[in-house]
Amino acid sequence: MKIAPSILTADFNILKEEILSIGHSDYLHLDVMDGHFVPNISFGSHVLSGLKKITSIPLDTHLMIENPLQYIDQYVEIGSSIITIHVEANQPLESICRIKASGIKAGISLKPKTPLEDLFPYLDKVDLVLVMSVEPGFGGQSFMEDQLEKVRELKRLREAYKYNYIIEIDGGINGTTAPKAKEAGVDLAVAGSYVFNAKDRNKAIDAIR
Ligand code: DX5
Ligand code: ZN
């Protein structure tokens with residue numbers, strides 16, 4: 001299982017040092033929040049524009065914003081390898097098409113209360129499905145284990161229909177919940193507070209891989 005630390009919990013006063021402190025990451029997870037789609041505002045693309053100058057770790061951008069279509073180009077510009085939008089946001093299909101037309105991987109995500117069926121029209125179009133195991137908006141929340149049923153179903157669907165998305169989980173991943181996620185079929189796990197609150201961050205990343 002690959003690990004994508006979320007920089008939402010990082011100290012933005014020393015962002016460069018924070019990024020350099022998690023060199024064992026497989027991806028950097030960037031939680032973009034607009035204060036409309038989720039009740040929190042995090043950071044815009046200008047804050048992230050220097051990332052590719054300080055790290056070669058691929059960027060896994062998670063757009064928790066109401067109108068992602070308007071912003072796709074900005075997150076392509078900063079060097080995202082993956083851009084994930086939410087099925088509950090506006091124009092999900094147009095956004096996915098825009099991301100793929102830019103030559104990068106497109107992901108789709110769903111909130112805990114959103115049924116997996118809502119993703120069915122998109123599964124043959126995306127490279128990644130992001131299952132939220134917390135209500136999006138904040139780091140440090142508790143893992144919602146019932147969301148693993150969506151992971152198991154996504155794994156079954158992928159095998160049955162030969163889809164080629166990877167399965168990512170996001171929220172409340174730590175030393176206890178990571179093995180459950182892995183066992184359910186998760187390919188890539190986001191970990192924010194568990195990594196950034198650890199004494200040895202790279203050791204924490206390796207421990208949950
Ligand atoms: C929540 C974000 C998550 C969160 C993960 O809206 O999408 O990526 O930052 O943080 P932890 O791992 O602390 O739950
Ligand atoms: Zn996220």
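Start at 1 and go down the list; that is how both ligands and their atoms are numbered. Note that the structure is a prediction, hence the values are computed from the model and not measured.
The shortest N/O to N/O separation between Gly140 and ligand 1 falls below 3.5 Å. For Asp170, a nitrogen or oxygen atom sits less than 3.5 Å from a nitrogen or oxygen atom of ligand 1, counting backbone and side chain alike. For a threshold of 3.5 Å applied to N or O pairs, the pair formed by Ser193 and ligand 1 contains at least one separation below that value. Ligand 1 has an N or O atom lying under 3.5 Å from an N or O atom of Gly192, backbone or side chain. On a distance-only criterion, Glu135 and ligand 1 share no N/O pair closer than 3.5 Å.
Interface of His62 with ligand 1, defined as ligand atoms under 4.0 Å from a residue heavy atom, comprises 7 (O). The distance from ligand 1 to the heavy atoms of Met64 drops below 4.0 Å at these ligand atoms: 6 (O), 7 (O). Close approach to His29 involves these atoms of ligand 1, each under 4.0 Å from a residue heavy atom: 8 (O). Against a heavy-atom cut-off of under 4.0 Å, Met132 is close to the following atoms of ligand 1: 7 (O). For ligand 1, the atoms sitting less than 4.0 Å from at least one non-hydrogen atom of Val190 are 8 (O), numbered in the order shown with element in parentheses. Here is the list of ligand 1 atoms found below 4.0 Å of a heavy atom in Pro136: 6 (O). Residue contact check: Ala191 has heavy atoms under 4.0 Å from atoms 12 (O) of ligand 1. Near Met33, with a cut-off below 4.0 Å to any heavy atom, the atoms of ligand 1 are 6 (O).
Note that CG of Leu30 and CG of Asp60 are 7.0 Å apart. Values are rounded to the nearest 0.5 Å. Rounding to the nearest 0.5 Å places CD1 of Ile78 at 5.5 Å from CG of Leu59. We find the CG-CZ distance between Leu123 and Arg158 to be 11.0 Å, quoted to the nearest 0.5 Å. Rounding to the nearest 0.5 Å places CD1 of Ile99 at 7.0 Å from OG1 of Thr84.
Seen from the Zn ion (ligand 2), atom NE2 of His29 and atom OD2 of Asp170 lie 100° apart in angle, a value rounded to 10°.
When the shell of 6.0 Å around OH of Tyr161 is examined, it contains 12 or fewer heavy atoms from other residues, nucleotides or ligands.
No side-chain heavy atom of Ile57 sits less than 4.5 Å from a side-chain heavy atom of Ile19.
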Run the numbers on Asp31 and Asp170 for side-chain contact (heavy atoms from CB on, under 4.5 Å), then give the verdict.
CA-CA 10 Å; Asp31 283 312; Asp170 187 0; 4.1 Å; yes

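Taking a cutoff of 4.0 Å between a charged side-chain nitrogen and a carboxylate oxygen, Glu153 and Arg156 qualify as a salt bridge. Using a 4.0 Å cut-off between charged nitrogen and carboxylate oxygen, Lys113 and Glu135 count as a salt-bridge pair. Residues Asp206 and Arg209 are paired through a salt bridge, judged by an N-O separation under 4.0 Å between the basic side chain and the carboxylate. Salt bridge present: Glu145 and Lys180 bring a charged side-chain N and a carboxylate O closer than 4.0 Å. Salt-bridge annotation for Glu183 and Lys155: absent, with no side-chain N of the basic residue lying under 4.0 Å from a carboxylate O of the acidic one.
Regarding atom 1 (C) of ligand 1, its nearest protein heavy-atom neighbour is Phe138 O, 3.5 Å. Residue, atom and distance of the protein heavy atom nearest to atom 14 (O) of ligand 1 are Gly172 N, 2.8 Å. When only non-hydrogen protein atoms are considered, atom 10 (O) of ligand 1 lies nearest to Gly139 CA, 3.6 Å. Nearest protein heavy-atom neighbour of atom 9 (O) of ligand 1: Asp31 OD2, 3.0 Å.
Counting just the N/O/S atoms of Asp31, the one with the shortest distance to the Zn ion (ligand 2) is named OD1. Taking the N/O/S atoms of His62 in turn, the shortest distance to the Zn ion (ligand 2) belongs to ND1.
Atom 6 (O) of ligand 1 has its nearest heavy-atom neighbour, among Ser6, Gly137, Ala4, in Gly137.
Leu157 and Leu128 fall into different hydrophobic clusters, where Ile, Leu, Val, Met, Phe, Trp and Tyr are joined by side-chain heavy atoms under 4.5 Å apart, directly or via other members.
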